[in-house]
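Keep in mind that what you see is a predicted model, and the values were worked out from it rather than measured.
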Amino acid sequence: MKKFIAALAAAATLSIMTACGASKLELQEMSSQCDVNVEIRQVLNDSISLFVGNTLYLNAKQMVPDEMYPLLVSTRDPSDFQKPTATDIINTDEDLLNYLRRVAPAMVQVGLVIGESAANEIGFEESDAIKKMTAIFKKMEGGSLILFHEKSGEITDGKKLF
């Protein structure tokens, strides 16, 4: 009888964990373990994307057209974010992967964050953006891609795509 109760309790715990998903702390940990995060968000009055720390803030405007290139990316120092730097022009998927490898040579695990504001961009389709980014990062042999969603500056969910 005790084994039955213990098994029932374990099953109930597992079903609650599965239904509720990862905790806020677990999601933050998953995100922080990524070598690079690509966060897609709406950037008003700007057409450039920024690379800060280990995060590429990709302008949602780049995800609207069928072809997201040329992609303009400026690398910024997190301690002096306002200081302008030279802008790199990225023309292909391979150029993007090489750019990210240059700033994060050990890139294996990539987080793809769909920012809350991305949906505000006219013509933005989340599923299309995920398909585009998945196709790019599948070219990274041996790597993984985890999809996150952001709302009010916090990660709300996470799902491993590959």
Side-chain angles (χ1 to χ4, degrees), residues 17-18 21-43 46-81 83-121 123-162:
M17 287 175 43
T18 304
S23 72
K24 189 176 187 180
L25 182 61
E26 290 170 323
L27 289 169
Q28 289 174 343
E29 187 175 302
M30 284 172 57
S31 175
S32 68
Q33 288 175 348
C34 292
D35 301 311
V36 171
N37 284 305
V38 176
E39 186 167 334
I40 301 173
R41 60 177 43 255
Q42 184 182 38
V43 181
D46 207 347
S47 59
I48 197 166
S49 297
L50 300 175
F51 192 86
V52 183
N54 75 331
T55 303
L56 173 62
Y57 294 95
L58 189 59
N59 193 336
K61 285 180 189 177
Q62 293 294 135
M63 296 285 102
V64 173
D66 288 337
E67 184 62 40
M68 66 184 247
Y69 302 107
L71 179 64
L72 305 174
V73 181
S74 179
T75 303
R76 300 291 173 95
D77 182 349
S79 64
D80 192 6
F81 182 78
K83 181 179 179 185
T85 59
T87 299
D88 290 295
I89 301 172
I90 298 172
N91 291 306
T92 65
D93 295 348
E94 290 74 24
D95 287 351
L96 178 59
L97 290 172
N98 289 334
Y99 175 84
L100 294 173
R101 282 189 187 110
R102 191 173 69 231
V103 292
M107 181 177 66
V108 175
Q109 187 166 325
V110 177
L112 175 60
V113 181
I114 306 295
E116 174 181 29
S117 66
N120 296 335
E121 187 62 51
F124 177 81
E125 291 292 332
E126 181 177 327
S127 60
D128 291 343
I130 292 170
K131 285 177 192 172
K132 284 180 189 180
M133 299 311 288
T134 299
I136 291 169
F137 288 107
K138 276 195 173 183
K139 295 176 183 179
M140 180 180 70
E141 294 180 23
S144 63
L145 181 65
I146 301 173
L147 173 64
F148 298 101
H149 287 92
E150 173 269 335
K151 185 173 184 173
S152 301
E154 293 189 15
I155 300 293
T156 60
D157 61 69
K159 175 185 171 186
K160 187 170 183 174
L161 298 177
F162 66 85

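The minimum heavy-atom distance between Val36 and Phe51, with the atom names listed, is CG1-CE1, 4.4 Å. Between Lys139 and Ala135 the shortest heavy-atom distance is CG-O, 3.6 Å. Heavy-atom minimum distance, Glu116 versus Ser152: OE1-N, 2.9 Å. Of all heavy-atom pairs between Tyr69 and Ile90, the closest is CD2-O, 3.3 Å.
For the pair Val73 and Leu96, the minimum side-chain heavy-atom distance is 4.5 Å or more. A heavy-atom distance below 4.5 Å is not found between the side chains of Val110 and Cys34. Two residues are said to be in side-chain contact when any heavy atoms from C-beta on lie closer than 4.5 Å; Ile89 and Leu72 meet this criterion. Between Asn37 and Asn54 there is a side-chain heavy-atom pair separated by less than 4.5 Å. Counting heavy atoms from C-beta outward, Leu161 and Met133 have side chains that stay 4.5 Å or more apart. Residues Glu121 and Met63 form no side-chain contact, since every pair of their non-hydrogen atoms from C-beta on lies 4.5 Å or further apart. Using a 4.5 Å heavy-atom threshold, the side chains of Met30 and Phe148 count as touching. The side-chain heavy atoms of Leu112 and Ile40, taken from C-beta on, include a pair separated by under 4.5 Å.
Going from atom CD1 of Ile48 over to atom CG of Asn59 covers 9.5 Å, rounded to the nearest 0.5 Å. Atom NZ of Lys61 sits about 10.5 Å away from atom OG of Ser49, to the nearest 0.5 Å. In this structure, the separation between OG on Ser117 and NZ on Lys151 is 12.5 Å, given to the nearest 0.5 Å. For the atom pair CG of Leu145 and NZ of Lys160, the computed distance is 10.0 Å after rounding to the nearest 0.5 Å. If you take NZ on Lys83 and OG on Ser74, they are separated by 11.5 Å, rounding to the nearest 0.5 Å. Interatomic distance, CD of Gln28 versus CD1 of Ile155, reported as 8.0 Å (0.5 Å rounding).
The number of heavy atoms from other shown groups lying within 6.0 Å of NZ (Lys131) does not exceed 12.
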For this session: Any chance you could lay out the side chain to side chain contact (heavy atoms under 4.5 Å, CB included) test for Ile136 and Met68, step after step, and finish with the verdict?
Result: CA-CA 11 Å; Ile136 291 169; Met68 66 184 247; 4.1 Å; yes
Which atom pairs, one a donor and one an acceptor, fall under 3.5 Å between side chains of residues 97-109 and the rest of the protein, sequence neighbours left out?
from	atom 1	to	atom 2	distance (Å)
Asn98	ND2	Glu94	O	3.2
Tyr99	OH	Thr75	OG1	2.4

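Using a distance-only test at 3.5 Å, with no hydrogens or angles considered, no donor-acceptor pair links the side chain of Glu39 to the main chain of Tyr57. Of the possible donor and acceptor atoms, one in the side chain of Thr156 sits under 3.5 Å from a partner among the backbone N and O of His149.
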